[in-house]
Amino acid sequence: NMTKYILVLVIVILIMILVMFICIFGKVHSIYKEGDDEQYSMEQSDLENENLNNSEGLSDKNSIDKCPFFEQLNAYWKVQLPVSKDEDASSVKEVGKGTAIPFNGYYDKYFYYDYNENSLVLYTPVNGQKTANTSYTRTELRQMISDRNSDNWGWSDCNNLKVEESVDKVSANGKVMVCQVHAICKDGANGPVPLKVIYEGNKKRLAVSFTINAGSKEKNTYYFENVELGQRFVVKIEMQDYNAKVTIESNGKKECFEHDYSLEADSWSEYNNYFKAGNYIQDSDDNSENAGSEVRIYYINTEGNYINEKD
């Protein structure tokens with residue numbers, strides 16, 4: 001009987017030791033696992049921060065100076081971005097000619113070169129920083145004849161813009177201004193917009209609007225139909241002696257729209273003009289997640305008297 005008692009006692013002790021070992025091993029394993037999970041979480045956080053710092057995974061290959069029309073951009077354009085300038089809520093960040101930030105080596109998630117599609121990508125969120133005198137955000141190129149905003153071209157000059165674009169994403173109302181002629185007072189103060197080309201994604205068309213009088217909002221509007229999201233189109237704007245001609249080509253179709261501003265020359269003569277092109281979203285109401293628009297530019301060029309005089 002004594003032998004059986006000792007044997008049972010030994011078995012019980014062994015079981016207790018085994019249970020203790022299992023508990024200790026499980027706790028150690030849990031500690032290591034928590035450490036691994038924490039390390040993994042830290043690594044993921046570091047990766048996310050790195051991607052954020054690298055503009056959503058972009059690299060030097062996406063730098064603006066890699067695009068094939070960089071010389072034109074560098075010589076005659078700056079870009080206005082939908083973010084604040086140096087945390088100054090009253091103005092937007094600008095890059096390019098006449099600014100403190102050169103295009104050379106520059107890229108961010110709003111404005112970069114896509115080497116796979118050989119195009120500039122301009123992304124604009126609905127809820128971004130706005131320039132003065134507007135309700136909408138933009139990632140938009142602004143023509144610069146010199147380093148000063150006040151140097152622009154007159155109505156009697158001959159000036160042309162040619163740009164190839166596509167609109168790849170729109171917000172709820174579908175509207176994005178893809179190029180325009182913007183008037184400006186001769187002292188540099190803001191002026192009206194005599195000519196707009198707006199993509200209307202919900203109706204799959206481009207709207208060309210000519211403002212009749214500088215002091216009113218009355219317009220003559222024409223439409224270039226059947227333009228899908230992602231479909232390339234070429235817009236050419238020719239301005240000379242108060243006349244405007246807009247030619248649009250896409251998918252083998254070509255149409256021209258014209259307007260004579262000399263009929264209201266007195267209202268326009270106090271202004272000079274400059275071209276703009278890119279992604280000027282026409283929506284401030286879409287509050288859905290990631291609401292915004294995306295435009296691609298495959299080619300852009302300007303020609304005019306000011307260039308000949310400068311050269």
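Atom set for the values below is all heavy atoms of this structure, side chains included, hydrogens, waters and symmetry mates excluded. The residues of the chain are indexed from 1 along the displayed sequence.
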Novice: Is the H259 to Y261 ring centre distance short of 6.0 Å?
Specialist: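 That pair passes the under 6.0 Å test.
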Novice: Mind checking whether F275 and W153 have ring centres under 6.0 Å apart?
Specialist: yes
Novice: Taking C-beta and beyond as the side chain, do Y115 and N62 meet within less than 4.5 Å on heavy atoms?
Specialist: yes
Novice: Determine whether Y274 and N159 make a side-chain contact, defined as any pair of heavy atoms from C-beta on separated by less than 4.5 Å.
Specialist: no
Novice: Answer yes when K245 and E258 have at least one side-chain N-carboxylate O distance shorter than 4.0 Å, and no when they do not.
Specialist: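 Salt bridge between K245 and E258, a charged N being under 4.0 Å from a carboxylate O: no.
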Novice: Less than 4.0 Å between a side-chain N and a carboxylate O, is that true for K175 and D283?
Specialist: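 The answer is no: the pair does not qualify as a salt bridge.
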Novice: Kindly indicate whether the side chain of E218, heavy atoms from C-beta on, has any atom under 4.5 Å from the side chain of T211.
Specialist: no
Novice: Count the heavy atoms belonging to other residues, nucleotides or ligands that lie under 6.0 Å from NZ of K169, then report whether that count exceeds 12.
Specialist: yes
Novice: So, do I297 and L141 sit near enough that their side-chain heavy atoms are less than 4.5 Å apart?
Specialist: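 Of all side-chain heavy-atom pairs linking L141 with I297, at least one is under 4.5 Å.
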Novice: Where do Y123 and A291 come nearest, in terms of heavy atoms and distance?
Specialist: OH-O, 4.0 Å
Novice: Under 3.5 Å, is there a donor on one side chain and an acceptor on the other for S209 and Y222?
Specialist: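 Checked: S209/Y222 side chains show no N/O donor-acceptor pair below 3.5 Å.
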Novice: Can you tell me if N149 and K78 form a side-chain donor-acceptor pair at under 3.5 Å?
Specialist: yes
Novice: Assess R232 against Y298: is NZ or CZ under 6.0 Å from the centre of the six-membered ring, and within 45 degrees of the ring's axis?
Specialist: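 Yes, R232 and Y298 form such a contact.
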